[in-house]
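Worksheet: the structure to be examined is printed underneath.
Lettering follows sequence order; numbering is per chain, from 1.
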Protein chains: 2
Amino acid sequence: MPIVSSKTAPATGFDRHNHRRCIQHGVRFATHACEQAGLQLTPARQRVLEILLSEHRAIGAYDILDRLREDGFNSQPPVAYRALDFLVQYGFAHKIERLNAFVACSMPEIQHAPAFLICRVCSVVAETHPELNRGALGKTARDAGFVMEQCVVEVEGVCPNCR
Amino acid sequence: MPIVSSKTAPATGFDRHNHRRCIQHGVRFATHACEQAGLQLTPARQRVLEILLSEHRAIGAYDILDRLREDGFNSQPPVAYRALDFLVQYGFAHKIERLNAFVACSMPEIQHAPAFLICRVCSVVAETHPELNRGALGKTARDAGFVMEQCVVEVEGVCPNCR
DNA sequence: GCGTAGATGTTATACTATATCATCTATGAA
DNA sequence: TTCATAGATGATATAGTATAACATCTACGC
């Protein structure tokens, strides 16, 4: 019998894991998806994705910019923001509004509205997909006649590793 | 038989209503609550609350600052941010992270974790309290061993009046 | 009188994000 | 080939959001 119910989505990011696979998988997936869709995963875009994939934490645009500079990329703000806009637009990354920062998507193969669990101690950000439409909030919205389009769900708290 | 189920919280803000009451009630409640708690609802704080209560929309700190200036208040940024920090800290207002802006709390008498329905057409922000702990997201967090402390839930879409 | 805590005044600065216009390159149509 | 177009990048400037830091004031209790 599984400890985690199969009816709710798990949160990915807190468990210890071979992180190189996250990076490899993320880049490989984006490469294929862009080829399929006729999108250009240019060097700057790929590098920003790699930077984001390098940790399960939210990274600010200006930190990304610093790392691009180290790698010899042009380092004016639009460089980072353009790459981030691209990655967010096509679902390879997400913005954490609460932190004004960005994370790589940890489940790009699944079409989903993300939700985030943010540890205030270690800053790790785990991602899940709660399908809020189905819960109380979805019912409230329907009852009110409100059509949900974009959802921001960001929960701050303490992760299992920091308790 | 009620159209809206009593099991889920309604969204307040989209329905037409006598808005003067929102302002009166909000200020009166805050006045009493501050007296009870030994907090100072100073002129600047009360004025910012009134400004926020003047519409069910999110207002940016610098717009608030402009209105304070018109009213003869000191208009340096810290004036607005300090008042907003106070109002947010004690639950009289909320920050909408997605918009970098603030709204008056529409149910200050209820201890709650708020969720917002934001109309992208008319910018009206309705507030509700979904108790996410009870739904799928709460289960995901518990299964992951994550302790939820602060929730940001902001849904963008189209309100009943704009459809 | 004196210390303290909370509030405000004041100046400066940090952090986040976008506008704008020029340039380059690949592609496909005329 | 030439041209037009779309997408990407280069480069400069600026807009928008938020806080640090330190001085001052005021009310209160001791």
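When the C1' atom of dA18(D) is taken as reference, atom CD1 of Ile64(B) falls 13 Å away, rounded to whole Å. Between Ile59(B) atom CD1 and dT17(D) atom C1' there is a gap of 16 Å when expressed in whole angstrom units. Atom CZ of Arg82(B) and atom C1' of dT24(D) are 11 Å apart (whole Å). Leu99(B) has its CG atom 15 Å from the P atom of dG16(D), to the nearest Å. The interatomic distance linking Gln46(A) (CD) with dT9(D) (P) rounds to 12 Å, in whole Å. Across the protein-nucleic acid pair, Arg98(A) atom CZ and dT17(D) atom P stand 18 Å apart, rounded to whole Å. Here the C1' atom of nucleotide dA15(D) and the OH atom of Tyr81(A) are 12 Å apart, to the nearest Å. Summarising the geometry, the separation between CG on Asp85(B) and C1' on dT19(D) is reported as 10 Å, rounded to the nearest angstrom.
For the pair Arg28(B) (side chain) and Ile23(B) (backbone), a donor-acceptor distance under 3.5 Å is absent. Remark: side-chain polar atoms of Thr140(B) are paired, donor with acceptor, to backbone N or O of Ala9(A) under 3.5 angstrom. Judged by distance alone, the side chain of Glu127(B) and the main-chain N or O of Ser106(B) form a donor-acceptor pair under 3.5 Å.
Comparing Val79(A) and Tyr62(A) against DNA chain D, the residue whose closest nucleotide sits nearer the 5' end is Val79(A). When each of Asn74(B) and Asn100(B) is assigned the nucleotide of DNA chain C with its nearest heavy atom, Asn74(B) is the one assigned upstream, toward the 5' end. Positionally, the nearest nucleotide of DNA chain C for Arg45(B) lies more toward the 5' end than for the other of Arg45(B) and Gln76(B).
Taking a heavy-atom distance under 4.0 Å as the criterion, the stretch of DNA chain C touched by chain A extends 5' to 3' from dT16(C) to dT20(C).
The distance from the CG atom of Leu39(A) to the OG1 atom of Thr31(A) is 11.5 Å, given to the nearest 0.5 Å.
The ring of His17(B) has its center closer than 6.0 angstrom to the ring center of His56(B). For His112(B) and His94(B), the ring centers sit closer than 6.0 Å to each other.
Comparing dT17(D), dA11(D), dG10(D) by their nearest atom to the side chain of Pro78(A) picks out dA11(D). Picking from dA18(D), dA8(D), dC22(D) the nucleotide with the shortest atom distance to the side chain of Lys95(B) gives dA18(D).
Under a 4.0 Å N-O distance rule, the pair Arg47(B)/Glu50(B) qualifies as a salt bridge.
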